[in-house]
Amino acid sequence: MHGLNCEMNLPCSCRTRTRTSVCRLCLLLSLLCVCAHVYMQLEGPRKHSQHHHRSVATATDAAADAGSTCCSALHHQRRRVSRWKIRLEPWAADTGGFQEEADRFLRYISTPQLSCQRPASVPPVFDAEHHGSWLLCLDRRFSLAQRIVSKHCRVYSLRLGAEDDSLERVLAGSGCEVHCFDPSIRRAHLQEDNMWLHRLSVDWRDPNPAVPVQRLHSGSKKLSAILSHFGHRRVDVLKVDLESAEWKILENLILEQVLDSVGLLLLELHLQWAGFEVGGDEPSVVRYWFSLLKELERAHFRLYHSYSDPSKPRLFLHRNLWNTSSSFTLGWVNTRFTL
């Protein structure tokens, strides 16, 4: 009887062992699937860049189904930094010719999109809003005038040599916190009342870690890194006068969405040549310029001021075109920037 019981119990034991083995196998296969999924999400974009956004979307849907808010947050952060080039506008004409591109571009930068109304009362230092070619928008629909009055405004000036710093000094005199970034200043950091002068070059590239810094305070940083370093989350006025580096700086600010934190953008353009690290033939250069400024529109900026400097050479990519100046100063206001 004992042997019979053993024989009768054998199928049950086998079934138990078989079920346990199957469970282990399923668990192992599930683990392998998870590892493969993670590997595809991490390695897929490098091997199949054209499927990047689709893969990220799939990962997000899976995280949402699982109720993983952490993964959703990581996806949101990745989506903000995933953009690596601007959107090029269609050609001005089917021929892709230089004349058509130049005509469209010059009309665009010469035609304000918005009129800034002067408020009934402004701080005394702004009785003359116009400081050279730079014009502030103190319209009450936007926040700058209120922030100047309350002495909570912050100004960044990116420049190469202080040829014209009257606007910065007026804003500092009104109580604004003004930071000037200029690699040509004498000492690493200077302070003059409400003006801070930093011997630092604002760049569009990350510094090369393989290149040692020769001097303690010299070097360059992206504007996003500077904002993070100072803990500044918003800049009321960003003035950019970088002698033909403005195009790549502007591109970087667009791609890294830094302009979301800027209220007023004052930008000097230099049109006599393509600019640092801007490549392509002449029609492609002008199309790239135009596309950058259209990106500003998509970021809710509107052109309110255009000034053509009559004292500059009449050159547009080495040509005399429309007898136009090689230097324009533009003022853009962020219509989504509030107190």
From CA spacing to verdict: side-chain contact (heavy atoms from CB on, under 4.5 Å), S244, Q272: CA-CA 9 Å; S244 298; Q272 68 271 25; 4.3 Å; yes

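- Inter-residue side-chain proximity for F316 and V286 is flagged as met; some heavy-atom pair is nearer than 4.5 Å.
- Taking the side chain as every heavy atom from C-beta outward, V240 and L250 never approach each other to under 4.5 Å.
- Across every non-hydrogen atom of R140 and A145, the tightest pair is NH1-CB, 4.1 Å.
- At a threshold of 4.5 Å between side-chain heavy atoms, the hydrophobic network of Ile, Leu, Val, Met, Phe, Trp and Tyr places W289 and W91 in two separate groups.
- Under a hydrophobic-cluster definition in which Ile, Leu, Val, Met, Phe, Trp and Tyr are linked whenever side-chain heavy atoms come within less than 4.5 Å, directly or via other members, L317 and L106 are assigned to the same cluster.
- Side-chain heavy atoms closer than 4.5 Å link hydrophobic residues (I, L, V, M, F, W, Y) into clusters, and following such links, possibly through other members, connects I86 to L269.
- Ion pair E89/R104 not flagged as a salt bridge, since none of the NZ, NE, NH1 or NH2 atoms sits closer than 4.0 Å to an Asp/Glu carboxylate oxygen.
- Using a cutoff of 4.0 Å between basic side-chain nitrogens and carboxylate oxygens, R159 and D182 are scored as salt-bridged.
- Hydrophobic clustering (ILVMFWY, side-chain heavy atoms < 4.5 Å, transitive): W196 and V178 are in distinct clusters.
- The number of heavy-atom neighbours closer than 6.0 Å to CZ of R314, taken from other residues, nucleotides and ligands shown, is above 12.
- Below 30°, between 30° and 60°, or above 60°: for W273 and F276 the angle between ring planes is above 60°, a perpendicular geometry.
- Annotation: ring pair (Phe, Tyr, Trp, His ring centres under 6.0 Å) contacts of H318 (sequence neighbours excluded): none.
- Within a 6.0 Å sphere centred on CZ of R87, heavy atoms belonging to other residues, nucleotides or ligands number 12 at most.
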Between L138 and L144, does a side-chain contact (heavy atoms from CB on, under 4.5 Å) hold up when you go through it step by step?
CA-CA 6 Å; L138 300 178; L144 181 58; 3.9 Å; yes

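- Contact of the L259 side chain with the N334 side chain is not registered, since no non-hydrogen atoms from C-beta on lie closer than 4.5 Å.
- Closest approach of I148 and S174 over heavy atoms only: CG2-OG, 3.9 Å.
- Counting all heavy atoms, side chain and backbone alike, F181 lies closest to V202 at CB-CG2, 3.9 Å.
- Taking CZ from F301 and CG from L265, the interatomic distance works out to 6.0 Å, rounded to the nearest 0.5 Å.
- When only modelled atom types and interatomic distance are considered, H179 and E177 share a side-chain donor-acceptor pair under 3.5 Å.
- Residues L114 and R141 are in side-chain contact: their nearest non-hydrogen atoms beyond the backbone lie under 4.5 Å apart.
- Looking at heavy atoms from C-beta onward, E168 lies out of side-chain contact with W134 at the 4.5 angstrom threshold.
- From E295, atom CD reaches atom CG of L88 across 9.0 Å, with rounding to the nearest 0.5 Å.
- At a cut-off of 3.5 Å, with distance as the only test, a side-chain donor of Q113 or Y108 sits close to an acceptor on the other residue.
- Centroid-to-centroid, the aromatic rings of F142 and F337 stay 6.0 Å apart or farther.
- Inter-residue side-chain proximity for E282 and E101 is flagged as unmet; no heavy-atom pair is nearer than 4.5 Å.
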Practice prompt. Could you go through the side-chain contact (heavy atoms from CB on, under 4.5 Å) check for E268 and E246 one step at a time?
Written response: CA-CA 8 Å; E268 182 165 290; E246 64 271 4; over 6 Å; no

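- Nearest heavy atom pair, residue V333 against residue Y304, reads N-CD2, 3.7 Å.
- Nearest heavy-atom pair, L330 versus I109, reported as atom, atom and distance to 0.1 Å: CD2-O, 3.6 Å.
- Taken from OG in S224 to CG in L255, the straight-line distance is 11.0 Å, to the nearest 0.5 Å.
- Side-chain atoms of S325 come within 3.5 Å of backbone N or O of D309 as a donor-acceptor pair.
- Under the disulfide (SG to SG under 2.5 Å) criterion, C180 pairs with no residue at all, not counting sequence neighbours.
- The aromatic rings of Y156 and F230 stand perpendicular to each other, their planes meeting at an angle above 60°, with 30° marking the opposite boundary.
- Rounding to the nearest 0.5 Å places CD of Q99 at 5.0 Å from CG of L321.
- Minimum heavy-atom separation, L167 to K239: CD2-CD, 4.5 Å.
- Summarising the local packing, CZ of R298 is surrounded by more than 12 heavy atoms from other residues, nucleotides or ligands at distances under 6.0 Å.
- The backbone N or O of D236 lies less than 3.5 Å from no partner atom in the side chain of R154, so there is not a single donor-acceptor pair.
- Rounded to the nearest 0.5 Å, atoms CG (L293) and CG (L303) are 8.5 Å apart.
- The shortest distance between side-chain heavy atoms of H232 and I226 does not fall below 4.5 Å.
- Hydrophobic cluster membership differs between V278 and L315, with clusters built from Ile, Leu, Val, Met, Phe, Trp and Tyr side chains linked at under 4.5 angstrom.
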Verdict with reasoning, S220 to W204, per side-chain contact (heavy atoms from CB on, under 4.5 Å):
CA-CA 9 Å; S220 63; W204 58 93; over 6 Å; no

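- Annotation: side chain of L238 is in contact with side chain of L253 (closest heavy-atom distance under 4.5 Å).
- The local environment of CG in N323 is crowded, with over 12 non-hydrogen atoms from other residues, nucleotides or ligands closer than 6.0 Å.
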